[in-house]
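Computed over heavy atoms, backbone and side chain alike; hydrogens, waters and symmetry mates excluded. For ligands, and for the atoms within them, numbers begin at 1 and follow the listed sequence. The shown structure was predicted, so the numbers you read here are calculated from the model rather than taken from an experiment. Counting begins at 1 with the first residue of the sequence.
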Amino acid sequence: MPTDIWQQAHSWLESLVSYDPGKPIEETARELGLKPEDIIKVASNENPLGPSPKAVEAMKAACEQAHIYPDGGGYKLRTAIAEKFGLERQNVILGNGSNEIIELIGHGFLNPGDNVIAAEHAFVVYKLMATLFGADTIEVPDPGFVHDLDAMADAITPETKEIFIANPNNPTGTLVGQEEIDRFMARVPDHVIVVFDEAYYEFLDTPPDTVKYVREGRNVVIMRTFSKIQGLASLRIGYGLAPAHLADVIQKCRQPFNANGIAQAGALAGLLDDEHQEKTRDVNREGRAFLQESFAEMGLEFVPSHANFVLVKVGDGDRVFKEMLNRGVIIRAMRSYKLPDWVRISVGTMDQNRRCIATLKEVLALA
Ligand SMILES: *Cc1c(COP(=O)(O)O)cnc(C)c1O
């Protein structure tokens, strides 16, 4: 008779549901008996143009050095990131994806009984990571799917360790502006770390300035990623920007080689490739407008997006997901976000966007 493993494991892990990722193309192809190239995935907010060609070149070169441990200090990449934002190298923390930074902050600061604050429809990983450390998540209502920063500041308790602001948020695509952020920051006490998750920052035309709070030495961490506009999601590399006193704590919480050498090389080349980012922004702007205009024509409610995806109300989201999948179009159902009537569709190339809309019309019997 095996012992009940929950006598030994952290009791709070029992309620932890693992993250539900977008369905992979290869797996879908196998299940449907289709060729992978006949399937489109507009489910994980990936860059439809792929990585920067310069990043690919740098990664190929780095492969030749795969037998050598990477630069654990991430010297070149952290220096380049710091220069880009007028900060020092000590202000930059590399992560195995920006998602790892969320965990590292948890390692540094969360105890059972603490709480973290997030918006009701915020990115789920904040809550998953809080649960991992036995902390509670206070979910603050977000009317119209927009973070209500005043209500989030009101929700702070003496046990609050972290507040997450996803800007723009995933899966809603909504943005909070400079004025709200400044008003919020004026109210946040020092015992709370404010985490601005800016994974889609590069898609914004006029992004709010949060880096000034790093310069001022406030307890903030800004998270950015190479997974989205840079098209390097598979590499698992992202970064945090924080004042040195806070960055030093977070650095102690990571494994020595958490950012691998191929990822560091690809990320550095991608970071410097402004042309590829500009092209991606253009493709995204055009595709997002097309998707939103199409939803409007179809009479579907959607949330106007500041990012590279759109949240749209389709009725039974699980059914629409399944029927789209059967037709070779992978989107994301939103039941795990307590939005069973909604799906999230990433902006693809115009060919992909047109196919996605045509398939959606078919599935909703609008065609
Ligand atoms: C995609 C995404 C990230 C990026 O995660 P990585 O671990 O860097 O791939 C972070 N935050 C949000 C809100 C996202 O949507």
What orientation do Tyr126 and Phe164 show, parallel under 30°, tilted 30 to 60°, or perpendicular over 60°?
parallel

Measure the shortest side-chain to side-chain distance between Phe290 and Arg354 over non-hydrogen atoms and say whether it is less than 4.5 angstrom.
yes

Which residues pass the salt bridge (charged side-chain N to carboxylate O under 4.0 Å, His left out) test with Arg281, sequence neighbours left out?
Glu278

Under 3.5 Å, which donor-acceptor pairs do the side chains of residues 136-151 form with other protein atoms, sequence neighbours left out?
unit_1	atom_1	unit_2	atom_2	d
Glu139	OE1	Lys127	NZ	3.1
Glu139	OE2	Lys338	NZ	3.4
Asp142	OD1	His121	ND1	2.8
Asp142	OD2	His121	N	2.9
Asp142	OD2	His121	ND1	3.3
His147	NE2	Ala166	N	3.4
Asp148	OD1	Asp150	N	3.3
Asp148	OD1	Ala151	N	3.1
Asp150	OD1	Arg183	NE	3.2
Asp150	OD2	Arg183	NH2	3.0

Just the distances, no angles: every ligand 1 N or O to protein N or O pair closer than 3.5 Å, one line each.
unit_1	atom_1	unit_2	atom_2	d
ligand 1	5 (O)	Ser98	OG	3.4
ligand 1	5 (O)	Asn99	ND2	2.7
ligand 1	7 (O)	Ser98	N	3.2
ligand 1	7 (O)	Asn99	N	3.0
ligand 1	7 (O)	Asn99	ND2	2.7
ligand 1	7 (O)	Arg236	NH2	2.6
ligand 1	8 (O)	Ser98	N	2.7
ligand 1	8 (O)	Ser98	OG	2.9
ligand 1	8 (O)	Thr225	OG1	2.5
ligand 1	8 (O)	Ser227	OG	3.4
ligand 1	9 (O)	Ser227	OG	2.6
ligand 1	9 (O)	Arg236	NH1	2.8
ligand 1	9 (O)	Arg236	NH2	3.3
ligand 1	11 (N)	Asp197	OD1	3.2
ligand 1	11 (N)	Asp197	OD2	2.6
ligand 1	15 (O)	Asn170	ND2	2.7
ligand 1	15 (O)	Tyr200	OH	2.6
ligand 1	15 (O)	Lys228	NZ	3.3

Linking Ile, Leu, Val, Met, Phe, Trp and Tyr by side-chain heavy atoms under 4.5 Å, what else ends up with Val283?
Leu49

What about Tyr200 and Phe309, are their ring centers closer than 6.0 Å?
yes

